[in-house]
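Working notes for the structure below.
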Amino acid sequence: MNRNSLIIVISAIIIVSAGIIAYDLYFLGGSPSQITSRVVVSTVALPTPSLTGQMSVETAIQNRRSVRTYSNQSLSLNDVSQLLWAAQGITDTTRNYRAAPSGGHVFPLEVYLVAGKGGVTGLDEGVYHYSPANNQLEKLLSGDLRSKLSEIADGQPWVSQAPVNIVITGVYQRTIDKYGNNNVSVRFVQQESGHAGENIYLEATARGLATVALGSYDDNKVKNLLKLPSNEYTLYIFPVGFPQS
Ligand SMILES: Cc1cc2nc3c(=O)[nH]c(=O)nc-3n(C[C@H](O)[C@H](O)[C@H](O)COP(=O)(O)O)c2cc1C
């Protein structure tokens, strides 16, 4: 192969590779605005979510209530897996579609677990990011942050009493990339968090757990406490535990 042919072949390889990377970034769920900056300390595999339960969806809807007092009984890793799966688990592996509907299937939501000391059997206290693709927890921070989270949630005591809190955030830019920087994109992300939140309520109810949707908190302080990536905004906090009888 002469020098010119070699240059042509190498150029072709570079162009095709750049095309594949660009395609992956923009069409397979990773445009630059979607790339987040989390430093993962370690990972914890979650049990495979079960698709059968003890309670019908109708009974769960009927029984769902916001509950703000919890016993100190720990959750199991199965409980955590089910709750996170209900919020954002992948339910269609062909297209990577999730448990909650998503406007334009751009999936702007991220889910975190703030686990208290002894809150989950076999899981260290800390802050974890839920990875739906791998069905695993990614440990981000160590320590029991529930009291601090309670303080910045207007002092609501159920945040520090619950064994765990689930925090839903939104990367608005993912939706903006598709629908523009307008109120429709903002509305889409917020509507989607409601779907994920209701799934958490119903899954909790079906498992004999209880929760309450919290919208009262200081957005920036939650973001700083959990060291959220700069392009993520807190949408909901759900304390979860076994109801106090
Ligand atoms: C957007 C939103 C924000 C809420 N924020 C709080 C909150 O910060 N603290 C709280 O204790 N309950 C909060 N709630 C729960 C409501 O108080 C509760 O849903 C309402 O009292 C009705 O009771 P139910 O959920 O048992 O039907 C919120 C609910 C929604 C939908």
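Whatever order the structure lists ligands and atoms in, that order sets their numbers, starting from 1.
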Contact check, Y217 vs ligand 1, heavy-atom distance below 4.0 Å:
no
Taking only heavy atoms of W158, which atoms of ligand 1 are found under 4.0 Å from at least one of them?
11 (O)
Below 4.0 Å, non-hydrogen atoms only: which portion of V212 touches ligand 1? Side chain, backbone, both or neither.
side chain
Contact bool for atom 20 (C) of ligand 1 (protein heavy atom, d < 4.0 Å):
no
Closest protein heavy atom (residue, atom, distance) for atom 9 (N) of ligand 1
Q156 OE1, 2.7 Å
Heteroatom proximity flag, S66 to ligand 1, N/O under 3.5 Å:
yes
Below 4.0 angstrom, N of the basic side chain to O of the carboxylate: do R38 and E110 qualify?
yes
Atom 2 (C) of ligand 1: the protein heavy-atom neighbour that sits closest, reported with distance to 0.1 Å
Y236 OH, 3.9 Å
Please check if V171 and V39 belong to a single hydrophobic cluster, counting links between Ile, Leu, Val, Met, Phe, Trp and Tyr side chain heavy atoms closer than 4.5 Å.
no
Just jot down the ligand 1 atoms closer than 4.0 angstrom to any heavy atom of R64, in number order.
24 (P), 25 (O), 27 (O)
Within a reach of under 6.0 Å around NZ of K178, are more than 12 heavy atoms found that belong to other residues, nucleotides or ligands?
yes
Any idea which atoms of ligand 1 are less than 4.0 Å away from a heavy-atom of A213?
4 (C), 5 (N), 6 (C), 7 (C), 12 (N), 13 (C), 14 (N), 15 (C), 28 (C), 29 (C)
R98 bridged to E192 by N-O distance under 4.0 Å:
no
Check whether any side-chain heavy atom of F188 sits under 4.5 Å from a side-chain heavy atom of Y172, and report yes or no.
no
T43 side, atom OG1; E138 side, atom CD - distance, nearest 0.5 Å
7.5 Å
Counting from 1, what ligand 1 atoms have a heavy atom of G215 closer than 4.0 Å?
3 (C), 4 (C), 5 (N), 6 (C), 7 (C), 8 (O)
Quick note on ligand 1: atoms under 4.0 Å from a heavy atom of R65 include exactly 24 (P), 26 (O), 27 (O)
Distance from atom 16 (C) of ligand 1 to nearest protein heavy atom, with residue and atom
R68 NH2, 3.8 Å
Is there a side-chain contact between L209 and T211 (heavy atoms, below 4.5 Å)?
no
Heavy-atom contacts with S216 under 4.0 Å: which atoms of ligand 1 show up? List them by number with element.
8 (O)
Looking at every non-hydrogen atom in both residues, tell me the closest pair between A115 and Y128 and how far apart they are.
CB-CE1, 4.2 Å
Would you say that D177 contacts V106 through its side chain, given a criterion of any heavy-atom pair below 4.5 Å between the two side chains?
no
